[in-house]
Amino acid sequence: MPPLDPPLDGTSADQPHPAEGETPRLKLHIPAHQPLPGQRPDFSYLPRLPAGTVERPDIGVRATETHHLAYSLIRVLDDDGKAVGPWDPQLDPETLRRGLRAMMLTRAYDDRMYRVQRQGKTSFYMKCTGEEAIGVGQAFALAPDDMCFPTYRQQGILIGRGWPIVDMMCQVYSNARDRLKGRQLPVLYSARDAAFFSIAGNLGNQYPQAVGWAMASAYKGDRRIAASWIGEGSTAEPDFHHALTFAAVYRAPVVLNVVNNQWAISSHQEIAGGETATFAARAIGFGLACLRVDGNDFPAVYAATKWAAERARANHGATLIELFTYRAASHSTSDDPSRYRPEDEWQNWPYGDPVPRLSRHLTLRGEWSPERHKQLEGELVDEVREAGREAEKYGTLDQGPNYSAKTMFEDVFKEMPWHLRRQRQEFGV
Amino acid sequence: MPPLDPPLDGTSADQPHPAEGETPRLKLHIPAHQPLPGQRPDFSYLPRLPAGTVERPDIGVRATETHHLAYSLIRVLDDDGKAVGPWDPQLDPETLRRGLRAMMLTRAYDDRMYRVQRQGKTSFYMKCTGEEAIGVGQAFALAPDDMCFPTYRQQGILIGRGWPIVDMMCQVYSNARDRLKGRQLPVLYSARDAAFFSIAGNLGNQYPQAVGWAMASAYKGDRRIAASWIGEGSTAEPDFHHALTFAAVYRAPVVLNVVNNQWAISSHQEIAGGETATFAARAIGFGLACLRVDGNDFPAVYAATKWAAERARANHGATLIELFTYRAASHSTSDDPSRYRPEDEWQNWPYGDPVPRLSRHLTLRGEWSPERHKQLEGELVDEVREAGREAEKYGTLDQGPNYSAKTMFEDVFKEMPWHLRRQRQEFGV
Amino acid sequence: MPAMTMVQAINSGLDVMLGRDPDVLIFGEDVGFYGGVFRCTEGLQKKYGEQRVFDTPIAEGGMLATAVGMGAYGLRPIVEVQFADYIYPGYDQLVSAAARLRYRSGGEFWAPITVRAPCGGGIFGGQTHSQSPEALFTHVCGLKTVMPSNPYDAKGLLISAVEDDDPVIFFEPKRLYNGPFDGHPDRPATSWAQHPQNEVPDGHYTVPLGKAAVVREGGAVTVLAYGTMVHVALAAVEETGIDAEIIDLRSLLPLDIDTVVDSVKKTGRCVIAHEATRTCGYGAELAALVQEHCFYHLEAPIVRVTGWDTPYPHAFEWAYFPGPQRVADGLRRALEG
Amino acid sequence: MPAMTMVQAINSGLDVMLGRDPDVLIFGEDVGFYGGVFRCTEGLQKKYGEQRVFDTPIAEGGMLATAVGMGAYGLRPIVEVQFADYIYPGYDQLVSAAARLRYRSGGEFWAPITVRAPCGGGIFGGQTHSQSPEALFTHVCGLKTVMPSNPYDAKGLLISAVEDDDPVIFFEPKRLYNGPFDGHPDRPATSWAQHPQNEVPDGHYTVPLGKAAVVREGGAVTVLAYGTMVHVALAAVEETGIDAEIIDLRSLLPLDIDTVVDSVKKTGRCVIAHEATRTCGYGAELAALVQEHCFYHLEAPIVRVTGWDTPYPHAFEWAYFPGPQRVADGLRRALEG
Ligand SMILES: Cc1ncc(C[n+]2csc(CCOP(=O)(O)OP(=O)(O)O)c2C)c(N)n1
Ligand SMILES: Cc1ncc(C[n+]2csc(CCOP(=O)(O)OP(=O)(O)O)c2C)c(N)n1
Ligand SMILES: [Mg+2]
Ligand SMILES: [Mg+2]
């Protein structure tokens, strides 16, 4: 169903309003998603929004002048792979190749870690397939020391910032080199040295925390801004509301991203409120700036993020960016999407796959080729395999080695109180 | 400061965006409210919005067609007291006189109960002075069995629905006839027979509960809708977000009111996010319909509420109404507004006092007169005094009689479990 | 009678109540078309329609507030909170609204809601898919709190919870969904197929709230347990050969104090076992009550065997989980005194 | 040394920390220009500016999340929650974020925040201005929980809390803000002016977290109390003439177990007094610990004197409040055994 123009349940504007007395009985509307498993993918409800058509306002404009952008879609790469329109960041080929490589490395990394979970070497894994342009593109657009408050689906940020994938793997394996000492569920990374905040298991927690961090940075007269990510499904949580409220009131230098990948486990974005408005539009009621961008379009993601980051850095306040994309893989290794959506929906996503799209663009510019692409793919598979071999030397969840279990009593507090010391004794070892 | 067009902290659109490198240091913006106590009241920042100029869409229009109304102000009574424009509900004089009487009774009731608290006859009281048109006008516009989920400042609903003020007083006194058995803080009424939900002490709780009640009504194919109220300050609570999300997703038949009386105890609406947007605008991001109305204009409040109620009843979904008003009295008997605002701000409120405004309108129509007004005022003071005498016969908080303290163990559960029976024994009596 | 897993028993209980009472609705995250991440609502939307069983936005506070409002209208909503670890955003609506509504309104309004939430560890869910927060609810007056240990009780208690006119927090030990678990992760997982309490009537029946079950009679020491720990306690007793009396509390609030007191007075010794963190856990209340009621019968300090006062650590699940070994040590301490 | 009320002592503690450390910020509802509904932040915005002391939107979850983010940056935010009864919307940020951050990040991030919240009854605030929810925090590993009973401790503990690198929940018994309260509402209110602990140094000093105070030595029975109940216990002892040893716990987590155990081993009897509801209250943990550590010294059951397991009823404040009479009865029960 069209997100911007909801049908009014059989009593639309065209129809006459029922006269006094003959009021109909009330009915409860439950959003019902089509197509179902087995049915044909159908994205005909998505308005076709061509590349290059959305204007790019000055970063200093009043927030109200960005609000109509909540109903558009910033796209740079057209169907042929040409970069068009005012949002083209005109990145040099080298940067684009680095971006492409990071996206492809993210995908290769995901593929391997998903596989090793299936092999029983760890308990759990989550891929970001189809969403690589977001983590990577936004990492490229932000300063390396801008503080990121991500969800579990922005591993692309770590890879985009060059954090060692061996360290990422060690966390997934909860092994003896896991910086999180085996305490955290796989993929809930923390990487202070990459300005990457400890990922919360409780959806939304990070969003207003990012605003608090940004307020602190502003209070100190710092130049670092904060950025945070949340899934479209999680926008229903209180913390989303808190982040928007506090960002508006204190004009916090933060980039607030909503990754609308259409799905929240099995529930479609309609259940999160996407039936009657876009998620970018949530900014309007708070007087925050907003952008809505094709999340599968690397240059567009980069440009929108850069715009929001510069705006924040210039003390113009926060921007809410909706990144419109599609969750290609299962929610996690615990999930089975074939129960709730057509298997081949992803192949039919109208905005394509971010990796071939960027590859195509570079090729069109004579800066890349299918051969080099194929070759790089191979190299990255090897690189990930090598990293995997090394990481597994430090242990896996099933085989060990891991940290000593004794360490589970540490870091609950800075200094261990008597009752934990006594419990550690009771535990023995 | 103008609510719709925030100054961008010295770096507004007009100024050139700082070139690369010379990024300024970040600054933390803290909304600072003027005028302060002792200073002259100054409402010059409020755009002057004349009566009768806002168009009235059909109740069946798509929500998006109401969104521009978030930045207007529905007003019916002009400065001379004439009812003008498409929102004039053209109420008959009798209805208007009943409305005026209920507003005046509410004010007289508040004045007495505030006084008796000062005399030590009870612990606490809260007035709604200046906001009478909201509780009363909305009670008149809703069906008598539409379920209300109010805050502590809509006593006008109970009075507008003719609930006995003696019963209200008995609650405030926590006396032997208190329907709430002395358990609840004064003014946190509950009146099931008036379709008036138990008032929560925790701000916001009632707002999404109203949506749930409305969903239940819709599920049952009922014709009763729900309505809820929240203060502008409390819109920052999670429950406000929940209500809007669920109302949008399930198209619940509910009228969601934000009473923007400018103040949340000592903090001005800017601290709640009113500096950068209106509270009606919060609806936009959810695709809900919205209206913004002069809360001190009885016919305007009635008309807007009626519009939203009819829309909900016709299965067109929820409407968010911002009622723009001013909290004339102290927040409560525990508060001292002279510490944070000019004493005479209320007298300078550009949208006046709802009581004389309606009185003036009726007089202009030859249906009322200053003499009758004066006389009615006197009658109502007597009526309230009489009611007070009767209520005090049933007891006061300080003198009693009250319910037997033993009853404090009842109604925790439907049937009293052993541990409460045992505690009741321990308590003795 | 058919053999059911705990998931099937819960599904059957929901089915029975949807079938009997049109005012029963079920909602929560992924409970509709998908049937719930643990499959407890599988097939129910198909059978009863989207108006009766539907997905909600990801907002525990929103769904609980909605339930309170529906309850005030007269419905009996059942809310699934996907994991007990995620109930906190809805905590205010439970503590400030659901628990107090009957009281504060002088009995005019109440919240006949049931909140289902999978709890406990044992599936390598890490610190946010393993919590046992029952004590955060038993401390709140106005809430009832329940935790079954087997399919039969799960269905019977669930039906009692739905039919109860007070709010009931219904915790489901996720490690027991598909089989009993004796606390030996190294041994092959057993299914409910062989378990005596897997016999679950198809239709309507209830297990009353507030009634404990003596799952093993014994004279040497009393073990107070609930949920997964009932099975762990049984294993520990079997392995040590200690003649313990094991009580499955089933309902934490209201508590079946008489069954507890009678047993401890008989044995003179008491071990309390739960998976939740120790400090201010429900075991603290049990210890306080037992020493209040049985002081002169106690021959040794009451022993608490619990999860440690740390978050549930992913890699050290079995070092954290209070398994048979720890319960056995507790039994010995209680016997030595 | 100047005599201060508890409000003045808290204000002074905040003033000292704002003065010493530019990374200390204070925010919450009405704490800025207004100075707080209980006046604890009076004059601080004027002295340190709006950037240091400011109002927040009415969103406990938002202000606590903001504090966690600021803490991650390196600041030491102090948040005022206007009433402890209103902390629940922020509960998720405390339990899921603040309490676990250091642990889950392997020590990379932590939340050095202080959360101030007025608690307890005695001002006819009804059920939503009178709660004592301390046990909902002492059960959560990773949080420290404190409650002072006098001006000197209030300032010293507050400074320790702010300087502590872990999150501290700092409960302020509102009935003690302007004077000690012995639980006799009928008698004229006393001020802090006459009280020995009203002497509060102007400058910086600390009272360590985790250290209890023996406020009265005695041999007959040990009374464990905190906050308002310390004064009530003193009154009860005076009125009964029972030679009780009264311990003001001050810090609930970490608890000063040694002081507690030494005293109970000496007296052999124990009464626990708190204002919070009984079931699963902090007194349950105290009872469990005391019987674990002092079993062979106990001559009678440990007695709990607490608020009832009901909401705090407006008109029956004094029937609900565990006053000197109830404490006295508890003492007698503990002595009779
Ligand atoms: C507070 C909370 N509630 C529920 C969950 C369970 N849960 C984990 S992921 C998820 C879906 C999130 O969807 P979305 O926000 O769209 O992010 P995506 O997975 O699509 O990236 C849910 C319901 C949780 N982790 N935390
Ligand atoms: C959850 C919660 N937080 C804080 C409070 C304390 N409090 C009571 S009224 C109030 C101000 C509310 O202002 P607003 O919402 O604008 O309503 P108004 O009083 O102006 O009608 C505050 C902060 C509360 N009752 N509940
Ligand atoms: Mg999603
Ligand atoms: Mg207000």
Side-chain angles (χ1 to χ4, degrees), chain B residues 27-28 30-33 36 122-124 173-175 178 180-186 188 200-204 231 233-240 264-268 271-273 331 334-335 339-340 397 400 402-412 417 419-420 423-424 426-427 429, chain D residues 25 27 29-39 42 45 49-63 82-83 85-86 88-90 92 123-130 277-279 305-320 325-326 329-330 333:
Chain B
K27 339 194 199 76
L28 179 60
I30 305 286
H33 180 69
L36 302 176
T122 190
S123 57
F124 180 81
Y173 284 133
S174 279
N175 68 17
D178 172 12
L180 307 188
K181 308 176 185 174
R183 295 185 193 139
Q184 230 349 355
L185 192 70
L188 299 186
N202 298 61
L203 295 170
S234 304
T235 59
E237 287 289 2
D239 283 330
F240 178 75
I265 305 184
S266 74
S267 71
H268 193 260
I271 291 292
H331 170 73
S334 316
D335 176 47
R339 287 176 173 277
Y340 52 80
L397 180 65
N402 320 101
Y403 264 73
S404 148
K406 237 181 135 103
T407 60
M408 80 179 141
F409 296 96
E410 296 165 10
D411 293 331
V412 179
H419 66 281
L420 280 170
Q423 287 179 25
R424 190 174 53 181
E426 195 180 322
F427 173 59
V429 205
Chain D
L25 302 185
F27 48 92
E29 295 154 13
D30 305 291
V31 301
F33 185 81
Y34 187 55
V37 295
F38 290 105
R39 325 299 317 141
E42 185 156 30
Q45 184 183 70
E50 287 168 343
Q51 301 266 316
R52 305 282 310 275
V53 183
F54 55 87
D55 288 350
T56 63
I58 300 170
E60 292 72 16
M63 64 183 84
Q82 200 162 76
F83 287 85
D85 316 57
Y86 303 137
Y88 308 121
D92 184 47
I123 64 163
F124 277 96
Q127 57 178 300
T128 57
H129 301 88
S130 308
T277 53
R278 181 176 304 172
T279 300
V305 179
T306 68
W308 309 117
D309 285 333
T310 77
Y312 221 115
H314 176 251
F316 315 121
E317 175 127 295
W318 303 122
Y320 182 92
Q325 187 54 56
R326 294 230 297 268
D329 295 345
R333 267 185 288 141

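Protein chains get the first letters and strands the later ones, always in sequence-line order, with residue 1 at the start of each.
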Top contributor to chain D interface from [options] [non-hydrogen pairs under 4.5 Å]:
{"options": "B/S334, B/G233, B/G400, B/G204", "value": "B/G233"}
{"options": "B/P186, B/S234, B/P31", "value": "B/P186"}
{"options": "B/H331, B/Q423, B/K181, B/Q184", "value": "B/Q423"}

Report which part of [X] has an atom under 4.5 Å of a heavy atom belonging to chain D: side chain, backbone, both, or neither.
{"X": "B/E426", "result": "both"}
{"X": "B/L397", "result": "side chain"}
{"X": "B/D178", "result": "neither"}
{"X": "B/L180", "result": "neither"}
{"X": "B/I265", "result": "both"}
{"X": "B/F124", "result": "neither"}
{"X": "B/T407", "result": "side chain"}

Interchain contact, [X] with chain B, by part (heavy-atom threshold 4.5 Å):
{"X": "D/Q325", "result": "neither"}
{"X": "D/F124", "result": "both"}
{"X": "D/T279", "result": "side chain"}
{"X": "D/Y312", "result": "backbone"}
{"X": "D/E317", "result": "neither"}

Which of D/T310, D/D329, D/D30 touches chain B most, by non-hydrogen pairs under 4.5 Å: D/D30
Most contacts with chain B, counted as non-hydrogen pairs under 4.5 angstrom, among D/Y86, D/Y34, D/Y320, D/W318: D/Y34
Any donor-acceptor pair under 3.5 Å from D/R326 side chain to D/T306 backbone: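 Yes; judged by distance alone, with no hydrogens or angles, the pair exists.
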Partner residues of B/Y173 under the ring-ring contact (aromatic ring centres under 6.0 Å, His included) criterion, sequence neighbours left out: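 B/Y173 satisfies ring-ring contact (aromatic ring centres under 6.0 Å, His included) with no other residue.
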Spacing of D/M63 atom CE and D/Q82 atom CD [to the nearest 0.5 Å]: 8.5 Å
